[in-house]
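Some notes on the structure that comes next.
As the structure is a prediction and not an experimental result, all values here were calculated from the model. The chains referred to below are lettered A, B, ... by the order of the sequence lines, with proteins before strands, and numbering in each begins at 1. Values below: every heavy atom of this structure, side chains too, minus hydrogens, waters and symmetry copies.
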Protein chains: 2
Amino acid sequence: MDLQEKLNQKGLRMTRPRRVVLSILEAASVPLSAGTIYQKALERKERIGLVTVYRTLELLDEFGMVRRAHSQDECHGYLLASPGHHHNLVCHTCMKTVEFPGSEDLSGIVQRVQRQTGYQVNDHLLELYGLCPSCQES
Amino acid sequence: MDLQEKLNQKGLRMTRPRRVVLSILEAASVPLSAGTIYQKALERKERIGLVTVYRTLELLDEFGMVRRAHSQDECHGYLLASPGHHHNLVCHTCMKTVEFPGSEDLSGIVQRVQRQTGYQVNDHLLELYGLCPSCQES
DNA sequence: ATCCTTATTGAAAATATTTATCAATAAGAT
DNA sequence: ATCTTATTGATAAATATTTTCAATAAGGAT
Ligand SMILES: [Mn+2]
Ligand SMILES: [Mn+2]
Ligand SMILES: [Zn+2]
Ligand SMILES: [Zn+2]
């Protein structure tokens with residue numbers, strides 16, 4: 001289900017600014033902050049407000065169409081997210097990011113930690129870091 | 001090795017502000033932001049600058065004595081970190097956080113992801129969320 | 001204890017980031 | 001083409017973080 005449909009469902013409207021933000025995210029391979037997206041929009045000579053970028057990101061987040069990247073420094077990068085449970089793999093050097101399906105089995109860890117802490121675990125954040133193919137050469 | 005020693009090693013000095021920040025972190029069971037630490041210092045009637053809190057956190061971070069909590073909203077909470085590889089388990093409701101040793105085996109996932117993406121994985125961020133014992137009752 | 005060197009502090013200002021307001025605009029249904 | 005109202009973006013306000021720099025204090029030397 002694409003943005004248009006999700007908007008319709010809620011009586012919301014497809015607008016040019018929203019299309020621009022989405023398009024920029026689609027073209028990106030690294031996590032983008034609101035500010036960066038705004039920059040790129042300006043470069044494209046698009047008339048858009050920074051506030052709208054924030055609002056659109058919030059919207060896309062609600063729709064689950066976007067995911068935040070929590071690298072140590074830049075905490076506020078957004079990436080387009082495929083539907084379903086995924087995680088990010090970020091290149092330390094160039095930030096190029098790919099997602100991988102979250103089919104990993106954490107039940108072992110979860111079991112153990114629950115027993116040891118008394119907590120009831122129901123969610124997790126997993127992010128991998130490394131070197132992308134092209135950065136491995138240099 | 002405690003803060004005093006690590007400071008000595010680098011020709012740095014143990015100061016009262018640094019002691020205060022450390023002490024506040026030691027007393028906390030939830031991730032604290034620079035601002036919050038500053039607040040608590042004021043409550044303790046300690047003379048300290050917010051800038052110094054930022055600087056001290058940066059320092060503690062370099063020393064690996066502190067870990068950042070990346071909850072969805074509050075991206076900049078700091079927690080005192082035990083030496084060695086650990087992760088955080090955060091309570092959704094009250095934020096109470098415990099750490100658990102990172103002895104989990106991610107090699108399965110890592111292997112698979114490396115093969116599928118061509119990336120070379122060498123680090124990860126794992127955080128668990130759930131309900132702490134006391135929040136389970138309510 | 002006193003002196004000296006220099007790491008450290010914090011007030012103040014500069015930047016950067018995020019949120020709130022609100023009149024003007026434009027989506028999209030009729 | 002008209003109408004309703006969701007949406008935008010300029011502006012301002014609120015937060016958060018970083019930079020600057022003269023005054024202070026840690027801690028080694030005497
Ligand atoms: Mn997962
Ligand atoms: Mn681990
Ligand atoms: Zn790379
Ligand atoms: Zn709790």
Side-chain angles (χ1 to χ4, degrees), chain A residues 2-25 31-63 65-66 68-78, chain B residues 2-25 31-63 65-66 68-78:
Chain A
D2 68 345
L3 182 53
Q4 176 76 68
E5 295 177 88
K6 298 202 174 177
L7 289 169
N8 287 342
Q9 275 193 344
K10 300 203 171 187
L12 303 181
R13 298 167 184 178
M14 175 58 99
T15 66
R16 195 152 58 75
R18 284 174 179 164
R19 250 189 293 266
V20 171
V21 171
L22 189 61
S23 159
I24 289 176
L25 283 170
L32 301 179
S33 68
T36 309
I37 292 175
Y38 177 60
Q39 301 287 348
K40 288 181 181 289
L42 292 186
E43 288 169 14
R44 289 191 185 188
K45 303 265 190 298
E46 292 285 356
R47 188 177 178 291
I48 191 177
L50 174 56
V51 198
T52 301
V53 176
Y54 275 102
R55 285 188 289 227
T56 302
L57 286 173
E58 197 179 327
L59 191 70
L60 293 175
D61 197 16
E62 285 168 18
F63 287 160
M65 297 181 68
V66 88
R68 304 166 75 102
H70 295 261
S71 320
Q72 14 288 80
D73 46 329
E74 177 71 41
C75 255
H76 299 281
Y78 286 88
Chain B
D2 67 346
L3 181 54
Q4 176 77 67
E5 295 177 88
K6 297 201 175 177
L7 289 170
N8 287 342
Q9 276 192 345
K10 299 203 172 184
L12 304 182
R13 298 168 184 179
M14 173 59 96
T15 65
R16 195 152 59 74
R18 283 173 180 165
R19 251 188 293 266
V20 170
V21 171
L22 189 59
S23 159
I24 288 175
L25 283 170
L32 301 179
S33 67
T36 308
I37 292 175
Y38 177 61
Q39 302 286 347
K40 287 181 181 290
L42 292 186
E43 287 170 14
R44 288 191 186 189
K45 304 267 191 298
E46 293 285 357
R47 188 176 177 291
I48 191 178
L50 175 56
V51 199
T52 302
V53 176
Y54 275 103
R55 285 188 288 227
T56 301
L57 286 174
E58 196 179 327
L59 190 70
L60 292 175
D61 197 16
E62 284 169 16
F63 287 160
M65 298 181 67
V66 89
R68 306 167 75 102
H70 296 261
S71 320
Q72 14 288 81
D73 46 329
E74 176 70 41
C75 255
H76 298 282
Y78 285 88

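In the region residues 37-46 of chain B, proximity to DNA chain D at under 4.0 angstrom, judged on heavy atoms, holds for none of the residues.
Within the structure, every pair that satisfies the side-chain hydrogen bond (donor to acceptor under 3.5 Å, both in side chains) test and touches residues 40-50 of chain A, not counting sequence neighbours, is listed here: R16(A)-E46(A), S23(A)-R44(A).
Listed for the E5(A) side chain is a donor-acceptor partner under 3.5 Å among the backbone atoms of D2(A).
Rounded to an integer number of Å, the gap from CD of Q9(A) to C1' of dG28(C) is 17 Å. Computed from coordinates, the L57(B) CG to dT8(C) P distance equals 15 Å when rounded to whole Å. For the pair L7(B) CG and dT9(C) C1', the interatomic distance rounds to 15 Å; values are reported in whole Å. If you measure from atom CD of E62(B) to atom P of dA7(C), you get 15 Å, rounded to the nearest angstrom.
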Q) Which letters describe nucleotides 12-23 of chain D, given B = protein heavy atom under 4.0 Å from base, S = only from sugar-phosphate, - = neither? A) ----SBBB----
Q: For nucleotides 25-30 of chain D, just jot down a letter per nucleotide in 5' to 3' order: B, S or -, based on protein non-hydrogen atoms under 4.0 Å.
A: BBS---
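Counting only heavy atoms from C-beta outward, the side chains of T15(B) and T56(B) never approach each other to under 4.5 Å. Between L32(A) and Y78(A) the shortest side-chain heavy-atom distance does not fall below 4.5 Å.
With sequence neighbours left out, the side-chain contact (heavy atoms from CB on, under 4.5 Å) criterion links Q39(B) to no other residue. In this structure, T52(A) has no side chain to side chain donor-acceptor pair (under 3.5 Å) partners at least two apart in sequence or on a different chain.
For the side-chain contact (heavy atoms from CB on, under 4.5 Å) with I37(A), the lone residue among V53(A), L50(A), I48(A), L42(A) that qualifies is V53(A).
Annotation for L57(B) and V66(B): closest pair O-CG1, 4.2 Å, computed over non-hydrogen atoms. The two residues V20(A) and A41(A) come nearest to each other via the heavy atoms CG1-CB, 4.1 Å.
For E58(A), the CD atom sits in a loose shell: 12 or fewer heavy atoms of surrounding residues, nucleotides or ligands are nearer than 6.0 Å.
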